[in-house]
> 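Quick one: structure below, then a few questions.
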Amino acid sequence: NAGVTQTPKFRVLKTGQSMTLLCAQDMNHEYMYWYRQDPGMGLRLIHYSVGEGTTAKGEVPDGYNVSRLKKQNFLLGLESAAPSQTSVYFCASSRVPGRNTEAFFGQGTRLTVV
Amino acid sequence: KQEVTQIPAALSVPEGENLVLNCSFTDSAIYNLQWFRQDPGKGLTSLLLIQSSQREQTSGRLNASLDKSSGRSTLYIAASQPGDSATYLCAVSAQTGANNLFFGTGTRLTVIP
């Protein structure tokens, strides 16, 4: 019953460094998402994917790239980290859209850029 | 753009009290509405999902209602317990290609023993 698993859970980066956050889901979901959560703000969509090999920009995509080479994995990359990217990152997955479609979330990655 | 607002931002109640959390949204073109619980430093736990065609959904001491036409939802917690202390997030599922969730900023609930 793994659901949605994010790696790593915590990370500290120096400004300008790069890193990749990994999200893996074992529910055979088509849709996957990356959100960021900042104090005083609701979760905001960074990028999303509606299926293997597809990605699209969300509300706050600048400074991030994503890839979905395998259906079960969705990677979020930071090419040159900035302090403004200090945040908690959540991955989510869901079936195709519908009234009964529920989103499932990972436990989050807490990223600090110094 | 869908805007989701949660009131109040924080709430403190004595143990045993019944309470209501409020959520409003601006665009009624939604698939569903989800209520989540988030403990400090933790992920999101789904509590209830109300389909756009439903009026309410119940799970244990939790009851969520939805009035899609007026853009409002409430989460009712009966007989509150200290273990209910957490942040409660409301999110609506957009009827768009992304089908992403739009979140409110949450209500931080403290139940005092």
Side-chain angles (χ1 to χ4, degrees), chain A residues 2-7 9-10 23 25 27 29-51 54-61 66 74 87-112, chain B residues 1-10 23-26 28-55 57 59 64 66 68 86-108:
Chain A
V4 180
T5 304
Q6 292 183 230
T7 311
K9 290 184 171 49
F10 302 94
C23 176
Q25 53 94 2
M27 296 172 281
H29 285 168
E30 291 293 332
Y31 284 58
M32 296 188 74
Y33 309 86
W34 278 106
Y35 294 87
R36 61 177 287 172
Q37 184 179 37
D38 301 295
M41 306 184 75
L43 277 76
R44 293 179 293 168
L45 183 66
I46 305 171
H47 284 281
Y48 66 98
S49 168
V50 301
T54 73
T55 63
K57 295 180 180 180
E59 180 185 355
V60 288
V66 288
F74 195 29
S87 187
V88 182
Y89 292 85
F90 286 100
C91 176
S93 72
S94 71
R95 293 178 287 108
V96 294
R99 293 179 184 173
N100 200 33
T101 298
E102 182 178 355
F104 294 85
F105 283 78
Q107 288 302 299
T109 296
R110 189 172 297 272
L111 175 66
T112 302
Chain B
K1 174 178 175 279
Q2 178 76 263
E3 301 284 347
V4 181
T5 304
Q6 290 187 249
I7 295 173
C23 172
S24 62
F25 50 95
T26 55
S28 61
I30 64 170
Y31 282 118
N32 57 53
L33 183 146
Q34 284 187 250
W35 283 94
F36 294 90
R37 170 186 172 135
Q38 185 175 30
D39 293 287
K42 302 295 184 182
L44 279 67
T45 300
S46 180
L47 298 173
L48 288 165
L49 179 149
I50 310 178
Q51 299 179 27
S52 59
S53 58
Q54 295 177 326
R55 297 286 291 183
Q57 195 67 249
S59 176
L66 174 64
K68 196 176 80 160
T87 296
Y88 290 80
L89 300 172
C90 165
V92 295
S93 175
Q95 284 189 6
T96 65
N99 188 42
N100 59 293
L101 292 175
F102 288 89
F103 283 85
T105 52
T107 294
R108 188 172 68 251

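Naming: A, B, ... by sequence-line order, numbering from 1 per chain. Both backbone and side-chain heavy atoms feed into the values below; hydrogens, waters and symmetry mates do not. As the structure is a computational prediction, the values presented were derived from the model and not from experiment.
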> Using a 4.5 Å cut-off on heavy atoms from C-beta on, say whether the side chain of A:V66 contacts that of A:F74.
yes
> Is B:L89 in contact with chain A via its backbone, its side chain, both, or neither, using a 4.5 Å heavy-atom distance?
side chain
> For B:L66 and B:Q51, work out which heavy atoms get closest and say how close.
CD2-O, 3.6 Å
> Show the nearest heavy-atom pair for residues B:L33 and B:C23, with the distance to one decimal.
CD1-SG, 4.3 Å
> With sequence neighbours excluded, tell me which residues meet side chain to side chain contact (heavy atoms under 4.5 Å, CB included) with B:R55.
B:D67
> Side chain, backbone, both or neither: which part of A:L43 has an atom under 4.5 Å from a heavy atom of chain B?
both
> Using non-hydrogen atoms only, which part of B:L44 is less than 4.5 Å away from chain A: side chain, backbone, both, or neither?
both
> Locate the shortest heavy-atom distance separating A:S93 from A:M27; write the atom from each residue and the value.
OG-CE, 3.5 Å
> In terms of heavy-atom proximity below 4.5 Å to chain B, should A:F104 be classed as side chain, backbone, both, or neither?
neither
> Non-hydrogen atoms of chain B under 4.5 Å away: do they reach the side chain of A:T101, the backbone, both or neither?
both
> A:E59 versus chain B, heavy atoms under 4.5 Å apart: side chain, backbone, both or neither?
side chain
> With a 4.5 angstrom heavy-atom cut-off, could you sort out which part of B:F102 is near chain A: side chain, backbone, both or neither?
neither
> Considering only heavy atoms from C-beta outward, does the side chain of B:S93 approach that of B:N99 to under 4.5 Å?
yes
> Closest approach of A:F90 and B:G43, non-hydrogen atoms and distance?
CE2-CA, 3.5 Å
> Heavy atoms only, distances under 4.5 angstrom: which of A:P97, A:A92, A:S94 has the most pairs with chain B? Name it, please.
A:P97
> Measure distances from B:Q6 to the heavy atoms of chain A and classify the residue's part below 4.5 Å as side chain, backbone, both or neither.
neither
> Measuring heavy-atom distances to chain B, does A:A103 have an atom under 4.5 Å in its side chain, in its backbone, in both, or in neither?
both
